[in-house]
Amino acid sequence: MTNDFPSYLCEKITHYMYTPSEHSKNVVMVPCAIFEKDGQLFAAQRSSTMSLPLKWEFPGGKVDEGETETEALHREIMEELSIEIEIGPRLAPAYKEDPSRNRIICLVPYICRIMSSPIILTEHAQYKWIRMDQLLKLDWADADLEVLDTYLKYKDQRLLCRNKAKVRV
Ligand SMILES: Nc1nc2c([nH]c(=O)n2[C@H]2C[C@H](O)[C@@H](COP(=O)(O)OP(=O)(O)OP(=O)(O)O)O2)c(=O)[nH]1
């Protein structure tokens, strides 16, 4: 599902829906970036010393206190990949229980553009640009797999809308 609201409203709605006071579990907001280039998607592999070792993910990280999701995303991508990005549409989040730490991870995908180079990894084991037909060969973290599904549906819908518009002309 795609959000038609502006990002800041989606952030607020998600916040009110999942305020920790209403739940025994803490909800951790984790914005992540989806980069597409020449029909390929960017994926990063968590290192063996990180939590979820060697799982593939969309880069990003937890929102710190006082930060917005987009501020956190700019910061995390600079910290992890050493690049500047432009942040585009926010897609529907994926929720994942993390029982070991009594929390719920809310992974929020943003479609982004890379605005600087080179990419220098500071935490991940490696990154890859993956062709669409190869994406499911990676061992994705659970929430990232759901985000991938959301993104692919979003792309399909946009393609459908564009084709319908062409037919009408
Ligand atoms: N990307 C992603 N993160 C997940 C999933 N499930 C899950 O518990 N997480 C957790 C791992 C991380 O603690 C957090 C993602 O934020 P992060 O990448 O900034 O976290 P981190 O490894 O630097 O820090 P830490 O919390 O492990 O100490 O969410 C998932 O399916 N995908």
Side-chain angles (χ1 to χ4, degrees), residues 1-3 7 10-11 13-15 17-20 22-37 40-114 116 119-130 132 134-155:
M1 192 190 88
T2 315
N3 292 312
S7 295
C10 294
E11 261 188 61
I13 289 166
T14 312
H15 177 76
M17 281 169 70
Y18 294 95
T19 43
E22 289 169 13
H23 298 265
S24 56
K25 288 191 175 131
N26 189 23
V27 177
V28 179
M29 304 304 291
V30 181
C32 67
I34 299 180
F35 304 123
E36 186 180 338
K37 185 181 74 176
Q40 297 179 311
L41 282 195
F42 182 97
Q45 187 180 34
R46 295 176 72 88
S47 75
S48 53
T49 56
M50 292 165 92
S51 53
L52 306 176
L54 304 181
K55 290 281 182 184
W56 288 83
E57 68 174 5
F58 296 107
K62 292 173 295 228
V63 175
D64 284 346
E65 195 153 345
E67 260 183 343
T68 64
E69 286 177 10
T70 52
E71 284 166 352
L73 190 54
H74 279 293
R75 175 184 53 72
E76 287 280 352
I77 295 298
M78 178 52 76
E79 283 173 13
E80 293 179 356
L81 310 181
S82 324
I83 52 168
E84 304 279 359
I85 57 169
E86 185 180 272
I87 300 181
R90 182 192 200 264
L91 305 186
Y95 295 92
K96 180 79 187 84
E97 294 251 15
D98 179 7
S100 64
R101 288 158 93 170
N102 193 40
R103 61 184 189 169
I104 295 170
I105 299 297
C106 175
L107 188 64
V108 189
Y110 284 87
I111 300 178
C112 298
R113 278 211 336 226
I114 295 178
S116 71
I119 292 171
I120 301 168
L121 297 183
T122 59
E123 293 175 17
H124 290 87
Q126 57 171 323
Y127 73 85
K128 281 184 179 168
W129 289 97
I130 316 277
M132 299 289 170
Q134 302 292 308
L135 286 167
L136 292 182
K137 293 193 173 163
L138 296 184
D139 183 17
W140 291 93
D142 288 350
D144 296 75
L145 192 56
E146 201 177 314
V147 157
L148 176 58
D149 185 57
T150 301
Y151 174 72
L152 294 175
K153 284 180 182 149
Y154 167 82
K155 287 259 300 176

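Note that this is a predicted model, so its numbers are computed, not measured. Order of listing sets the numbers, starting from 1, for every ligand and every atom in it.
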What pairs of donor and acceptor atoms, side-chain ones from residues 80-89 against any protein atom, are under 3.5 angstrom apart with sequence neighbours left out?
from : atom 1 : to   : atom 2 : distance (Å)
E80  : OE1    : G60  : N      : 3.3
S82  : OG     : I120 : O      : 2.8

For [atom], what is the nearest protein heavy atom, given as residue, atom name and distance?
atom: atom 25 (P) of ligand 1; value: K62 NZ, 3.2 Å
atom: atom 18 (O) of ligand 1; value: R46 NH1, 3.2 Å
atom: atom 13 (O) of ligand 1; value: R103 NH2, 2.8 Å
atom: atom 31 (O) of ligand 1; value: A143 N, 2.8 Å
atom: atom 17 (P) of ligand 1; value: G61 CA, 4.0 Å
atom: atom 11 (C) of ligand 1; value: S51 OG, 3.6 Å
atom: atom 32 (N) of ligand 1; value: D144 OD1, 2.7 Å
atom: atom 29 (O) of ligand 1; value: I105 CD1, 3.3 Å

- Message: Contact between V147 and I34 at the side-chain level, heavy atoms closer than 4.5 Å - yes or no?
- Response: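 Yes, side chains in contact.
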- Answer yes or no: is there a side-chain heavy-atom contact under 4.5 Å between M29 and P93?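 Counting from C-beta outward, M29 and P93 never come under 4.5 Å.
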- Query: Just heavy atoms, cut-off under 4.0 Å: does L52 contact ligand 1 by side chain, backbone, both, or neither?
  - Reply: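 Looking at L52 and ligand 1, just side chain atoms fall under 4.0 Å.
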- Task: Have a look at ligand 1 and work out which part of K55, if any, has a heavy atom under 4.0 Å from it: side chain, backbone, both or neither.
- Result: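 K55 to ligand 1: no contact under 4.0 Å from either part.
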- Task: Please confirm whether K37 makes a cation-pi placement over W129, using NZ or CZ under 6.0 Å from the six-membered ring centre and within 45° of the ring normal.
- Result: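 Verdict for W129: a cation-pi partner in K37.
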- Option set M50, R101, M29, criterion heavy-atom distance to atom 28 (O) of ligand 1, minimum: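 It is R101 that holds the nearest heavy atom.
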- Task: Flag the pair W56 / Y127 as yes when their ring centroid distance falls below 6.0 Å, and as no otherwise.
- Result: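 When the ring centroids of W56 and Y127 are compared, they turn out to be at least 6.0 Å apart.
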- For ligand 1, which atoms sit closer than 4.0 Å to a heavy atom of E57?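 By the 4.0 Å cutoff, the relevant atoms are 1 (N).
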- Message: Suppose we screen for ring-ring contact (aromatic ring centres under 6.0 Å, His included). Which residues come up paired with Y151, at least two apart in sequence or across chains?
- Response: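 Here no residue qualifies.
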